[in-house]
Asker: 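So that we are looking at the same thing, I have put the structure below in structure tokens.
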Amino acid sequence: MPTVNLTNHTCFYTVEDAGKEDTIVFSNSLGTDYTMWDELVPILRPYYNILRYDTRGHGQSTIQADTVSIAELGQDVVELLDHLELGKVYFCGLSMGGLIGQWLGIHAPERFKKVVLANTASKIGTEEGWNSRIKQVREHGLESILDGTAQRWFTPAFREKHPDVVAAILEKFTQNSVQGYTACCAAVRDADFREKLQRLQVPVLVISGEQDEVTTPTDGEFMVSRMPQARHVTLDANHLSAVELPQAFAESMLHFLQKD
């Protein structure tokens, strides 16, 4: 699998080149890697080339600092597009990836045709909450928050019906470095786009999970009400809606991306 040296780190990425005119870039959530999108690839590949990457400090992408910003993570995407000589693309990010998508839509709109922001918010959580999680993970490791992570990410019904999928995602979670995870926790903690959404001029689809208590449908409505070209759909899922309902997630994307 290919890697590229970007500013301050090495980025792992993978391209499913279907020979199509357009490419979708997928950006993972906090604590996951590029494989969180696995089930969407076969659904979308007939229509688009698929570019997935590991966010800095996640999966096989390295990190050199104890903190990082969403702006830096957004610039990583721009550098990756430059490396691959890609012009205007589509973007889909979930949770932290959705924060990255907001930054890109505001600061690099010329690089994106449309943006999908899934299970995210213009401001996620509180400073106190993120600092507490960072402290917990630094002192006791990622394994110490596994149960809470599973409950935040998946509905009880999905956890019961698909324990193998949940176990695989959580295994990837524990393979992240503490440095990478906590650095990106700081990025999420410090990101706040509430007063900047009106500057996001790219067409946007916001996808919310009806059972998501981390980034709620109300958060999605707030974002849509403040972005000039935005629409909102909800899926009967928890925080990792793309994992719980890949078919419905992909169909929502296709309807949005293929509509003029």
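Numbering starts at 1 and runs along the sequence shown.
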Asker: Counting N and O atoms only, with roles assigned by atom type, does the side chain of Ser61 sit under 3.5 Å from a partner on the main chain of Phe12, one being a donor and the other an acceptor?
Answerer: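 Here the side-chain-to-backbone pair exists.
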
Asker: Parallel, tilted or perpendicular: which describes the rings of Trp153 and Phe173, with under 30° parallel and over 60° perpendicular?
Answerer: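 Perpendicular.
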
Asker: For Glu195, is there an ion pair with Arg226 - N to carboxylate O distance below 4.0 angstrom?
Answerer: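 Salt bridge between Arg226 and Glu195, a charged N being under 4.0 Å from a carboxylate O: no.
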
Asker: Keeping Thr62 on the side-chain end and Thr10 on the backbone end, is there a donor-acceptor pair under 3.5 Å?
Answerer: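 At least one qualifying donor-acceptor pair exists.
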
Asker: Does the pair Leu94 and Trp37 meet the rule for a side chain to side chain contact (heavy atoms under 4.5 Å, CB included), with working shown?
Answerer: CA-CA 10 Å; Leu94 190 146; Trp37 306 105; 3.7 Å; yes

Asker: Using atom types as modelled and distance alone, determine if a side-chain donor or acceptor of Gln229 lies under 3.5 Å from a backbone N or O of Gln201.
Answerer: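 Here the side-chain-to-backbone pair exists.
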
Asker: Please step through ring-ring contact (aromatic ring centres under 6.0 Å, His included) for the pair Tyr34 and Tyr13, ending with a clear verdict.
Answerer: CA-CA 8 Å; Tyr34 81 102; Tyr13 68 93; over 10 Å; no

Asker: Taking NZ, NE, NH1 and NH2 as the nitrogens, is one of them in Lys172 or Asp54 under 4.0 Å from a carboxylate oxygen of the other?
Answerer: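 Salt bridge flag = no for Asp54 with Lys172.
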
Asker: Applying side-chain hydrogen bond (donor to acceptor under 3.5 Å, both in side chains), run through Asp212 and Thr215 and close with a yes or a no.
Answerer: CA-CA 6 Å; Asp212 186 352; Thr215 53; 2.8 Å; yes

Asker: Are any side-chain N or O atoms of Lys123 and backbone N or O atoms of Arg189, one a donor and one an acceptor, separated by less than 3.5 Å?
Answerer: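 Looks like yes, one N/O pair under 3.5 Å.
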
Asker: Checking Ser144 against Gln136: is there a side-chain donor and acceptor pair closer than 3.5 Å?
Answerer: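 The answer is yes; a qualifying pair exists.
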
Asker: List the steps and the verdict of side-chain hydrogen bond (donor to acceptor under 3.5 Å, both in side chains) for Asn28 and Thr55.
Answerer: CA-CA 7 Å; Asn28 57 278; Thr55 301; 3.1 Å; yes

Asker: Check whether Asn238 reaches the backbone of Gln151 with its side chain - one donor and one acceptor, N or O, closer than 3.5 Å.
Answerer: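 Here the side-chain-to-backbone pair exists.
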
Asker: Between Thr216 and Glu213, is there a donor-acceptor pair closer than 3.5 Å when you use the side chain of the first and the backbone of the second?
Answerer: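 No: the side chain of Thr216 does not pair with the backbone of Glu213.
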
Asker: Going through the checks in order, is the side-chain hydrogen bond (donor to acceptor under 3.5 Å, both in side chains) test met by Gln75 and Thr7?
Answerer: CA-CA 9 Å; Gln75 189 59 42; Thr7 301; over 6 Å; no

Asker: May I have the step-by-step check of side chain to side chain contact (heavy atoms under 4.5 Å, CB included) for Lys259 and Arg231, ending in yes or no?
Answerer: CA-CA 12 Å; Lys259 187 178 180 66; Arg231 66 191 67 176; 3.3 Å; yes

Asker: Does Tyr48 offer a backbone N or O that forms a donor-acceptor pair with the side chain of Asp22 under 3.5 Å?
Answerer: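 No, the answer is negative, given that no donor and acceptor are paired below the 3.5 Å cut-off.
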
Asker: Classify the ring geometry between His162 and Phe158 as parallel (under 30°), tilted (30 to 60°) or perpendicular (over 60°).
Answerer: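 Rings of His162 and Phe158: tilted, as their planes differ by 30° to 60°.
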
Asker: Answer yes or no: is there a donor N or O on one side and an acceptor on the other, between the side chain of Ser252 and the main chain of Ala248, under 3.5 Å?
Answerer: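 Yes, because the side chain of Ser252 sits within donor-acceptor range (under 3.5 Å) of the backbone of Ala248.
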
Asker: List in chain and number order the residues that pass ring pair (Phe, Tyr, Trp, His ring centres under 6.0 Å) with Phe222, two or more places apart in sequence or in another chain; answer none if no residue qualifies.
Answerer: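 Scan of Phe222 (ring pair (Phe, Tyr, Trp, His ring centres under 6.0 Å), adjacent residues dropped) gives none.
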
Asker: Salt bridge check: are Arg194 and Asp219 linked by an N-O gap of less than 4.0 Å?
Answerer: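 Salt bridge absent between Arg194 and Asp219.
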
Asker: Look only at the side chain of Asn49 and the backbone of Val15, and say whether a donor-acceptor pair between them is shorter than 3.5 Å.
Answerer: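 Judged by distance alone, no pair lies under 3.5 Å.
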
Asker: Which label fits Tyr181 and His58: parallel for a plane angle under 30°, tilted from 30 to 60°, or perpendicular past 60°?
Answerer: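 Tyr181 and His58: tilted rings.
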
